[in-house]
Amino acid sequence: MDEAVGQGRRSQAERDAVTVEIGYALASATAVALAIIGVVVAGPAIAFSLSESTERTLLGVGGSLAATAFVARLVTVLWRFTTRERERRAALDGGADAAADDEGGAGRS
C-alpha cells in the first residue's frame, strides 16, 4: 500500500517539476508585489513632496495591494499548474483505461 488514495507515486521528474513551479510562483509573485510597491508607494513619494500622513496612507494602501497581488499571483500560478498536471495525468491514465476497456468491454453494449 505505497500509493496514496486516488494517486500513484510521483517520479523524480514530477517532484522536480513541482519544486520548480513553486519557485517560479514565489519569484513571480514577489516581482508583482515589488512592482506594485514601486508604482503605488515609491513612485509618488519620489515624484512629489508628500506630507507624512499621505506617505503613511500610501504605504498602507500599497502594502495591502502588494500583499493581495502576491497571494493572487501565487494561487493563480499554482492553480494553473495543478490543473495542467491533472489533465496530463488523466490523459495518461485515460489512454491506459481506454485500452483496457477495448480489451475487456467487447461483449458489453
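As the structure is a computational prediction, the values presented were derived from the model and not from experiment.
- Side-chain atoms of T30 and F70, non-hydrogen and from C-beta on, do get closer than 4.5 Å to each other.
- Heavy-atom minimum distance, I36 versus A66: CG2-N, 3.9 Å.
- Closest heavy-atom contact between G62 and V40: CA-CG1, 3.7 Å.
- Using a 4.0 Å cut-off between charged side-chain N and carboxylate O, E14 and R89 make a salt bridge.
- A salt bridge is defined here as a Lys NZ or Arg NE, NH1 or NH2 lying under 4.0 Å from an Asp or Glu carboxylate O, and E87 with R84 fails to meet this definition.
- Hydrophobic clustering, with ILVMFWY side chains joined whenever heavy atoms are under 4.5 angstrom apart, groups V75 together with L78.
- Between A29 and R73, the closest heavy-atom pair is CA-CG, 3.6 Å.
- Tracing side-chain contacts under 4.5 Å through hydrophobic residues (I, L, V, M, F, W, Y), one never reaches V18 starting from V77; they form parts of separate clusters.
- Using a 4.5 Å cut-off between side-chain heavy atoms of Ile, Leu, Val, Met, Phe, Trp and Tyr, with links allowed through other members, L26 and Y24 fall into different hydrophobic clusters.
- Using a 4.5 Å heavy-atom cutoff, the side chains of W79 and T83 are in contact.
- A distance-only check finds a donor-acceptor pair linking the side chain of R15 to the backbone of R10 [under 3.5 Å].
- Between I22 and F81, every side-chain heavy-atom pair lies at or beyond the 4.5 Å cut-off.
- Linking Ile, Leu, Val, Met, Phe, Trp and Tyr whenever their side-chain heavy atoms come within less than 4.5 Å puts L58 and F48 in one cluster.
- One finds the CG atom of L65 at 8.5 Å from the CD1 atom of I37 (value rounded to the nearest 0.5 Å).
- Of the inter-residue distances, the one linking E52 atom CD with T54 atom OG1 reads 10.0 Å to the nearest 0.5 angstrom.
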